[in-house]
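Report on the structure given below.
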There are 2 protein chains.
Amino acid sequence: MEPDILELESFLPYRLYRLADTISREFSRIYKERHGLTRPEWRTLSGLGERGTMTATELGEQSAMHKTKVSRAVAELERRRWLTRTADENDRRVEHLALTKAGLAAYREMVPLAKAFERELLERLSVEERMAVVGGVAALEGALEEKS
Amino acid sequence: MEPDILELESFLPYRLYRLADTISREFSRIYKERHGLTRPEWRTLSGLGERGTMTATELGEQSAMHKTKVSRAVAELERRRWLTRTADENDRRVEHLALTKAGLAAYREMVPLAKAFERELLERLSVEERMAVVGGVAALEGALEEKS
DNA sequence: TTTCGATGGTTACAAATGAAACCAGTTTGG
DNA sequence: CCAAACTGGTTTCATTTGTAACCATCGAAA
């Protein structure tokens, strides 16, 4: 192992990215084929389905999206009449977003599919491996949080 | 925990993507600031630095990039005179890519920075956590490979 | 050979993205 | 009170990306 060579195959940032990319891409087929959603749109749907009502800023924080992504995703879902905006009483800059019946229906349809996807992925692992995955992800998340 | 709700915060594909995105984005600052490289360009540089000579197709396989990304990254690195193409003797469709002196110099400069980045990331973890990360990543890679 | 399907690689075009400018509207400090 | 700094959210513009079509060459089979 020469010291001035970087092995891409074992370089953690690369491996992690490739892994996430593969899995995310595979999962995206579900909401893409099903409803023609983009990832930001799916996350918006998912966030609002989970929490009920959120502002765009909260959505961005909860689902790790840049505000322009949120803005565009919200606009598209509104165009589909999957969500509505309600002006805030006290602060007129803020809008409270919530799913409509149609949006909620789409969400309810997606949830089992998402859960099944995750389950099938984890089922391919042994118990120890599953623990390593969950523990490893949590550990890295923790390491990144405390940083900056 | 309601059964028809998906918790994004604990949904593996989402967590993994966010993790990889954060780390990759942070790492990208290194090669972006330093040399103004994009990720595909960095991977191309890294791949050729590691292996010496490769065709575009091989590069794509080794670094998990779509062929158009490879094509464009190679074009840009060639424009910088960081790599050269050599026609294959037997198959005129194929080109063998290799770094020039300048390309190699850039690569040699990047390697320690990349290694330091990875080391500093892992240093924030305990030994057990580190094992979990490495084991978990490997397990998922294995699960994805054997699949399709 | 000739033809036809595969393969290496590039290009064209549309869609997704990020950075920065922007437009309200709100708060703060003088 | 008022200006300046700040915040929620949108828009603009340049860059990046993915898909599909494309060109050239190759290999195999008729």
Side-chain angles (χ1 to χ4, degrees), chain A residues 17-18 20-22 24-29 31-33 35-45 47-48 53-80 83-98, chain B residues 17-18 20-22 24-29 31-33 35-44 47-48 53-79 83-98:
Chain A
Y17 188 93
R18 190 182 49 185
D21 192 57
T22 305
S24 175
R25 204 179 288 277
E26 212 164 302
F27 177 57
S28 80
R29 288 219 306 263
Y31 53 74
K32 200 163 289 176
E33 285 175 4
H35 293 294
L37 294 174
T38 63
R39 185 167 43 224
E41 284 155 19
W42 150 249
R43 284 199 192 164
T44 299
L45 181 70
L48 291 177
T53 279
M54 275 196 284
T55 68
T57 303
E58 289 167 347
L59 244 174
E61 284 162 7
Q62 195 234 3
S63 55
M65 293 193 290
H66 188 85
K67 60 197 223 164
T68 62
K69 275 190 189 169
V70 176
S71 175
R72 294 191 255 245
V74 166
E76 169 60 19
L77 294 190
E78 184 186 32
R79 205 191 56 68
R80 291 185 185 218
L83 67 76
T84 54
R85 314 177 190 234
T86 316
D88 183 281
E89 295 282 297
N90 307 317
D91 187 339
R92 279 190 293 169
R93 292 168 304 180
V94 178
E95 299 174 318
H96 300 278
L97 309 165
Chain B
Y17 188 92
R18 189 182 50 184
D21 192 56
T22 305
S24 176
R25 203 179 288 275
E26 211 164 302
F27 178 57
S28 80
R29 287 220 306 264
Y31 53 74
K32 201 163 287 178
E33 286 177 3
H35 293 295
L37 294 175
T38 63
R39 185 166 44 226
E41 283 155 21
W42 149 250
R43 284 199 192 163
T44 300
L48 291 177
T53 279
M54 275 195 284
T55 68
T57 302
E58 288 167 348
L59 243 174
E61 283 163 8
Q62 194 234 1
S63 54
M65 293 193 290
H66 188 86
K67 59 198 222 164
T68 63
K69 276 189 188 172
V70 174
S71 175
R72 295 190 255 245
V74 166
E76 168 60 21
L77 294 189
E78 183 186 33
R79 206 192 54 70
L83 68 74
T84 54
R85 315 180 190 232
T86 315
D88 183 282
E89 295 281 295
N90 308 317
D91 186 340
R92 278 189 294 167
R93 294 168 303 179
V94 177
E95 299 173 317
H96 300 277
L97 309 165

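From a predicted model like this one, the values you see are computed outputs, not experimental measurements. Throughout, a chain's letter reflects where its sequence line sits, starting with A, and its residues are numbered from 1.
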For A:H96, ring-ring contact (aromatic ring centres under 6.0 Å, His included) partners two or more places apart: none
Residues which pass side chain to side chain donor-acceptor pair (under 3.5 Å) with A:S71, listed by chain and number, not counting sequence neighbours: none
Any side-chain heavy-atom pair of B:V70 and B:T57 under 4.5 Å: no
Contacts of A:R80 that satisfy side chain to side chain donor-acceptor pair (under 3.5 Å) - sequence neighbours left out: A:E76
Heavy-atom side-chain contact between A:L45 and A:L83 under 4.5 Å: no
For B:R39, all residues meeting side chain to side chain contact (heavy atoms under 4.5 Å, CB included), sequence neighbours excluded: A:Y17, B:S24, B:Y31, B:R43
Length of the CZ-C1' vector between A:R92 and C:dG25, whole Å: 7 Å
Salt bridge (Lys or Arg N to Asp or Glu O under 4.0 Å) partners of A:R18, counting only residues at least two apart: B:E141
Non-neighbouring partners of B:Q62 that pass side chain to side chain donor-acceptor pair (under 3.5 Å), sequence neighbours left out: A:E9, B:E50
Euclidean distance, atom CD of residue B:E95 to atom P of C:dG8 [Å, nearest integer]: 13 Å
Touch class at under 4.0 angstrom, heavy-atom based, for B:D88 against every strand present: nothing
4.5 Å side-chain heavy-atom contact, B:L97 and B:E58: no
Student check: side-chain heavy atoms of B:K69 and B:T38 closer than 4.5 Å: no
Sequence-distant partners of A:E78, side chain to side chain donor-acceptor pair (under 3.5 Å), two or more places apart: A:R85
B:V94 vs A:K67, nearer the 5' end of DNA chain C by closest nucleotide: B:V94
Opening and closing nucleotides of DNA chain D in contact with chain B, under 4.0 Å to non-hydrogen atoms: D:dT16 to D:dC26
Length of the CG-P vector between B:L59 and C:dT10, whole Å: 11 Å
What are the atom names and distances for every N/O pair under 3.5 Å that joins the protein to nucleotides 16-19 of chain C?
residue	atom	partner	partner atom	Å
C:dG18	OP1	B:R25	NH2	3.4
C:dG18	OP2	A:K69	NZ	3.3
C:dG18	N7	A:R72	NH2	3.1
C:dG18	O6	A:R72	NH1	3.4
C:dG18	O6	A:R72	NH2	3.2

Rounded distance (nearest 0.5 Å) linking atom CZ of B:R72 with atom CE of B:M65: 11.5 Å
Those residues that, when tested against A:D21, pass salt bridge (Lys or Arg N to Asp or Glu O under 4.0 Å) (two or more places apart): A:R25
Rounded distance (Å) that lies between atom P of C:dG25 and atom CD of A:E89: 15 Å
Enumerate all atom pairs, one protein N or O and one N or O from nucleotides 3-7 of chain C, separated by less than 3.5 Å.
residue	atom	partner	partner atom	Å
C:dT7	O2	B:R93	NH1	2.5

Terminal axis angle for the helix from C:dT1-D:dA30 to C:dG30-D:dC1, five pairs an end, nearest 10 degrees: 10°
